[in-house]
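Read through the structure below, which is laid out as structure tokens, and then see the notes.
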Amino acid sequence: MRPLLEVKDLKTEFLTGKGPVRVVDGVDLVLNKGETLGVVGESGCGKSVTSMSIMGLLPKGQSRIAGGDIRFHDQSLLSLSVKEMRQVRGNRIAMIFQEPMTSLNPVFKIGNQISEALRFHKNLSKKEAWSEAVGMLKKVGIPRPEQIAREYPHQLSGGMRQRVMISIAMACNPEVLIADEPTTALDVTIQAQILELMRGLQHEQGTAIMLITHDLGVVAETCQRVVVMYAGQVVEEAEVGMLFKQPLHPYTQGLLGSLPQLAGQKKRLEPIVGSVPSPLNMPSGCRFAPRCKFRTDACLEYQPPLLEVEQGHKCRCILYGEGEQ
Amino acid sequence: MALYILRRLFYMIPVLIGIVFITFFLTRILPGDPALMIAGTEAPEEVLKKLRGDMGLNEPLYQQFFHYVIRLFHGDFGFAWHTGHSVFSDFYTRLPATIELTLASFIIALAVALPVGIIAATKKESIVDHISRVFSLIGSCVPSFWLALILIYVFYSKLNWSPAPLGRLGDSVSPPTHLTGLYVIDSLLTWNIPVLEQALAHLLLPAIVLSTGMMAIISRMVRSSMLEVISQDFIRTARAKGIYERSVVMKHALVNALLPTLTVIGVQFGLLLGGAVVTETIFSWPGVGSYITESILATDYAPIQAFTLMSALIISFTNLAVDVIYGLIDPRVRYD
């Protein structure tokens, strides 16, 4: 099956006073129709920059895509004109963001903010778009949608605002929804509701979701496949069950080790020591080597490739696949 | 909202009482003897004495103040000795000229500052940004009387593009039929093209001079608040909708950026009246500004007090208008 969205060897750079800094370095992602792909990693590992690259929302003049390709229906998004990309963005690929409190424009009515994309992409009249917007609000489980559509963002709670954000993103019935930490800023009970809502909409509209998160619990609950990113690279990719049962990369193991377990025997939490290296000062060998428990001398010099260790399970580590190299 | 406006109007009363009090006594502190100004320095002492008595200057200050306030309540702003008219009738004939001048410079300032500020923000570090930065620096530090003299020198004396800086119309035409008192509007309404041309030509230089300070400050304010708004999350949301960048900037960003700018516009609008005093004097513009300069030079108390009171009223009402408009734009600010 041809993938719906494919990111191939994506390299995104930020232009700084000290020259270009590569924050995403050769990322490969595949998103199939109707599936949910989890993209996991600590803050600063390039998850959001990858999604902004897909959306074509990187700040102009401060960043550039230095290499690789992003293909949607086997059509390169990078080769599209500004006008053509506008037809895709918000219409066929939509996005929701981490900060529901600040992501809505404070001076416009909720209903207008939802109808805006509808009017633009679907050529609806003001009235049609408004009633469609009210319908969307109802769909995302907002009570009294007719009334809420006439209200302003500051009158709603964080959870409600994230529902509004989802209704904005889903209004044009996109094929791909990129959700960048959609639940991070919300209370746990609201988180579950929002995830449930996204799952329901996905089921109903057949949308493929790329769920960016640092919360492995969210991943276990919602995703079919997971990509683990570290320092601008993919370090492991697997089916969700396989990843939790048998994590290969020491970083993934570390992430799972940092999670508190309720069931089973009680162990001490094992944090990963250190922090993500700065893109200005990347280790020359394996990027995780300075923090790795299994580090060898070779790790400090040799940068391992992402290899398929077993069927559907890829890993970027010298421990797996020295032989092939 | 209506209740809020009423309450604000009510709060204006103590402010006005304070203004009346302060201007009255400050004016009395001014050096100079009004009787001497009227009768001339050669006048014999008996004449001066009689004059002072007639003008009520021999009464104790508190009594003079009391009479002044009583007259104010009757809508009587006093008598301007140096023109021989009541202050009210002087204002009535001169105020339209000042309104025309301040409105014109207000419009010029906004018409330049808003687009320049928006472009400077969206094309940061571009040529427009740099040029506007230099011009707004110059605009905010150059004193208006100097700028006025330079402009008159260049555009009237040297190039002769502009008419002589003497009033609102040239000698060849007579004022249009009085409808609003604003010559540009009146000549437009009566379709009197020769007068319209004259009125615009005479208005242009003083209006530009009066607008520069405001233009400079507002364009910088628009730029900085646009920059702040454009980096906000909701702008990213708007962009993610795939709508035109034009709508992102002009709709989503501008409305939010206008909020802080509005406050500055209000303050600057109040300052225009003060600026008009200088500009009108230089261009012999027959408005209340030049009238007030004459009054001060003639130690004519009544017009000075009336002008100060009027300025205070205008500034109070501008502030009220700013707050009301703010509430209309920003749903988070509601007055009930």
Side-chain angles (χ1 to χ4, degrees), chain A residues 48 51-52 54-62 82-110 112-122 150-155 161 164-165 168-169 171-172 174 177-178 180 185, chain B residues 1 118-130 222-223 225-263 322-336:
Chain A
S48 295
S51 60
M52 295 306 257
I54 297 172
M55 289 294 284
L57 285 178
L58 291 168
K60 280 189 205 78
Q62 297 164 43
V82 174
K83 196 179 157 208
E84 290 166 325
M85 189 60 205
R86 213 183 280 130
Q87 301 297 330
V88 174
R89 189 191 303 138
N91 186 24
R92 303 177 68 190
I93 305 180
M95 184 161 179
I96 54 180
F97 302 96
Q98 182 173 357
E99 302 86 2
M101 301 310 279
T102 52
S103 289
L104 290 166
N105 195 324
V107 303
F108 295 124
K109 287 182 181 143
I110 302 286
N112 285 331
Q113 301 198 43
I114 303 172
S115 24
E116 192 174 22
L118 283 165
R119 291 182 64 190
F120 186 85
H121 293 298
K122 304 292 183 211
R150 284 193 300 270
E151 292 193 350
Y152 292 92
H154 73 278
Q155 291 166 288
R161 286 189 216 185
V164 172
M165 285 300 294
I168 290 176
C172 294
L177 175 68
I178 301 174
D180 188 355
Chain B
M1 184 62 108
I118 294 168
I119 296 172
T122 47
K123 304 246 184 299
K124 205 175 147 203
E125 306 298 330
S126 67
I127 304 268
V128 177
D129 189 16
H130 291 303
V222 170
R223 178 186 181 268
S225 36
M226 278 298 275
L227 279 180
E228 197 180 312
V229 170
I230 279 175
S231 66
Q232 306 246 337
D233 290 335
F234 61 79
I235 293 300
R236 188 182 56 186
T237 308
R239 289 202 171 116
K241 288 178 189 171
I243 55 175
Y244 291 114
E245 180 65 17
R246 192 173 61 231
S247 340
V248 174
V249 171
M250 297 307 286
K251 198 174 135 196
H252 287 269
L254 186 60
V255 176
N256 282 281
L258 275 184
L259 292 171
T261 313
L262 196 61
T263 315
V322 164
D323 287 348
V324 168
I325 298 173
Y326 214 108
L328 292 178
I329 300 181
D330 191 342
R332 289 164 296 183
V333 182
R334 283 281 186 252
Y335 314 109
D336 4 68

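Each chain gets a letter, A, B and so on, in the order the sequences are listed, and its residues count up from 1.
With a 4.5 Å cut-off on non-hydrogen atoms, A/Met52 touches chain B through its side chain but not through its backbone. For A/Glu151, no part sits under 4.5 Å from any heavy atom of chain B, backbone or side chain. Of the atoms belonging to A/Ile96, not a single heavy atom falls under 4.5 Å from chain B. Heavy-atom distances place the side chain of A/Met165, and not its backbone, under 4.5 Å from chain B. Looking at A/Leu104, the atoms closer than 4.5 Å to chain B (heavy atoms on both sides) all sit in the backbone: N, CA, C or O.
The shortest distance between side-chain heavy atoms of B/Glu245 and B/Arg239 falls below 4.5 Å.
When all heavy atoms of A/His154 and B/Pro331 are compared, the pair lying nearest together is CE1-O, 3.4 Å.
Here A/Arg89 contributes atom CZ and A/Cys172 contributes atom SG; the two are 13.5 Å apart, rounded to the nearest 0.5 Å. With rounding to the nearest 0.5 Å, the separation of CD1 in B/Ile235 from CG in B/Asp233 is 10.0 Å. Between atom CD of residue B/Glu228 and atom CD1 of residue B/Ile230 there is a gap of 11.0 Å, rounded to the nearest 0.5 Å. Within the model, atoms CZ of A/Arg119 and CG of A/Asn112 stand 8.0 Å from one another, a figure rounded to the nearest 0.5 Å.
Comparing A/Arg86, A/Glu99, A/Lys83 by how many heavy-atom pairs each has under 4.5 Å with chain B, the most go to A/Arg86. For the options A/Met101, A/Lys109, A/Gln113, A/Gln87, heavy-atom pairs under 4.5 Å to chain B are most numerous at A/Gln113. Chain A forms more heavy-atom pairs under 4.5 Å with one residue of B/Val255, B/Asp330, B/Asn256, B/Ile329 than with any other, namely B/Asn256. The choice from A/Leu57, A/Thr102, A/Asn105 that makes the most heavy-atom pairs within less than 4.5 Å of chain B is A/Asn105.
Partner of B/Asp129 under the side-chain hydrogen bond (donor to acceptor under 3.5 Å, both in side chains) criterion, out of B/Lys124, B/Lys123, B/Arg223: B/Arg223 alone.
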